[in-house]
Amino acid sequence: MTTSFFRTALILGLLSAIGPFAIDMYLPALPSIGQDLQAENNVVQLSLLAFFISFALSQLVYGPLSDMWGRKAPLYLGIGLFSAASIGCALATDIETLIAFRFLQGIGGAAGMVIPRAIVRDMHTGVQAARLMSLLMLVFSISPILAPLAGSAVIEFYGWRGVFWAVMAASFIGLILLATQLRETRPKAHRAESSLGSAMAAYGVLLRDRNFLTLTFIGGLGISSFLVYLANSPFVLIDHYGLTPTQYSLAFSINAVSFFGVSQVTGWFGERFGLVRVMRVAVTAFALTMATMAIVMSLDFSQLPVLAVFLFIGYGCLGLVIPTTAVLALEDHGEIAGTASSLMGTLHFVTAAVAMMVASVFFDGTAVPMAMGIALCAVGALLLTQATIGRRHAVSAAAE
């Protein structure tokens, strides 16, 4: 692979990570935000949920815009809004204001999630796309490793408000890279064929494509399992298990190491066994691991090392599921890659938001409800895979 291949992966990964960076970096601060703004834990969690809701729904807009305007212009718009909203979060004096600006932050951050996937599809298909997607995810996955550690350090010296000044600085770096290092991959001739009407028609095509929807929801359930952990882990690990914010950041980061480490062999496995087969095996291992974790935890073997081992193994398997489902879902939709990436992202995060809300209802401060929520998402992905994938010639053909 050439230097430009790696450079493209680095830039796209950094742009994709800007939004999640705003989540991961402030996770260690959730308890202190509640104390400072005099808000209950479930209200503080709304600042996370508000981000996810706007992050999910806004993706429906950025994809068609990137098909009509090109890939770079909507990225400028989104990252600029993200920067402005970060300032608002840093200056918030009550939880309601923080939630409002987090909502705006999610609208801006959605651009970085949708458009890089469309750029990957513009440039490559098949195994090459899987390689680029997995490299992008390598950079993207650095966020869950470094962001909580950086967040705990910033919080130590500058408090939770310093987190939002830091993510604003990260977004400025993203704008500079976008302006100087990334070329436009959507030709003007292709943009001329795109309009609001064609976008609506494209959504209609995608919503009737059972292969696309199946693969999207399998990936969405996988992402949901991680976001259920993300929403509940600060309270479980810090309040229940007694970890410090720095210790929590290290524990959180270990799962990201497993996820991105395994994701790097996606292209190698895909070339040898086919992407569909890799995905099916990975989903099965992922579901069995997380289901076993939930059973073991519910039988009162709920020590932190037990939880950590299962999560490390399970999220390693997930590192194969996410890139394969994304590549296979977009494979047949190159002409509407931006719109397809939008719908995929929205369905991913709507699914995750529902899972997070359901999990929050049963959350009691211990690890067991969190483990159950994670397992249900994983088992749902397995059931959907077994019921559909591998039985349709169109999906099998896409792996070739």
(message) Any non-hydrogen side-chain atom of Ile107 less than 4.5 Å from a side-chain atom of Phe51?
(response) no

(request) Over all heavy atoms of both residues, which pair between Ala56 and Thr346 is shortest? Give the atoms and the distance, please. (result) O-OG1, 2.5 Å

(message) So Gln105 and Phe164, do their side chains get closer than 4.5 Å, heavy atoms only?
(response) yes

(message) Angle between ring planes, Phe269 versus Phe273, binned at 30° and 60°: parallel, tilted or perpendicular?
(response) tilted

(request) Using the test side chain to side chain contact (heavy atoms under 4.5 Å, CB included), find all partners of Leu311 that sit at least two apart in sequence or belong to another chain. (result) Tyr229, Asn255, Met290, Met293, Leu307, Tyr315, Ile374

(request) Tell me, please, which residues at least two apart from Glu156 pass side chain to side chain contact (heavy atoms under 4.5 Å, CB included). (result) none

(request) For a side-chain contact (heavy atoms from CB on, under 4.5 Å) with Ile115, tell me which candidate from Leu178, Leu75, Leu15, Leu65 qualifies. (result) Leu75

(request) Indicate the atoms forming the closest heavy-atom contact of Ala251 with Leu237, along with that distance. (result) CB-CD2, 3.8 Å

(request) Could you pull out all residues at least two apart from Ser258 that satisfy side chain to side chain contact (heavy atoms under 4.5 Å, CB included)? (result) Phe312

(request) Identify the heavy atoms of Met344 and Ala329 that sit nearest to each other, and give their distance. (result) CE-CB, 3.5 Å

(message) Can you list everything that forms a salt bridge (Lys or Arg N to Asp or Glu O under 4.0 Å) with Asp94? Sequence neighbours excluded, please.
(response) none

(request) Can you tell me which residue pairs pass the ring pair (Phe, Tyr, Trp, His ring centres under 6.0 Å) test with a partner in residues 76-110, sequence neighbours excluded? (result) none

(request) Please check if any side-chain donor atom of Ser66 sits under 3.5 Å from a side-chain acceptor atom of Arg71, or the reverse. (result) yes

(message) Let's go through Leu384 and Thr214 carefully: what are the C-alpha distance in whole Å and the side-chain angles of both, what is the deciding distance for side-chain contact (heavy atoms from CB on, under 4.5 Å) to 0.1 Å, and is it a yes or a no?
(response) CA-CA 7 Å; Leu384 187 56; Thr214 297; 4.2 Å; yes

(request) Could you verify whether a donor N or O on one side chain and an acceptor N or O on the other, from Tyr248 and Ser152, lie under 3.5 Å apart? (result) no

(request) Look at the side chain of Arg208 and the backbone N and O of Tyr203, then say whether any donor-acceptor pair between them is shorter than 3.5 Å. (result) no

(message) Just to verify, what does Ile87 make a side chain to side chain contact (heavy atoms under 4.5 Å, CB included) with, not counting sequence neighbours?
(response) Leu91, Trp165, Met168

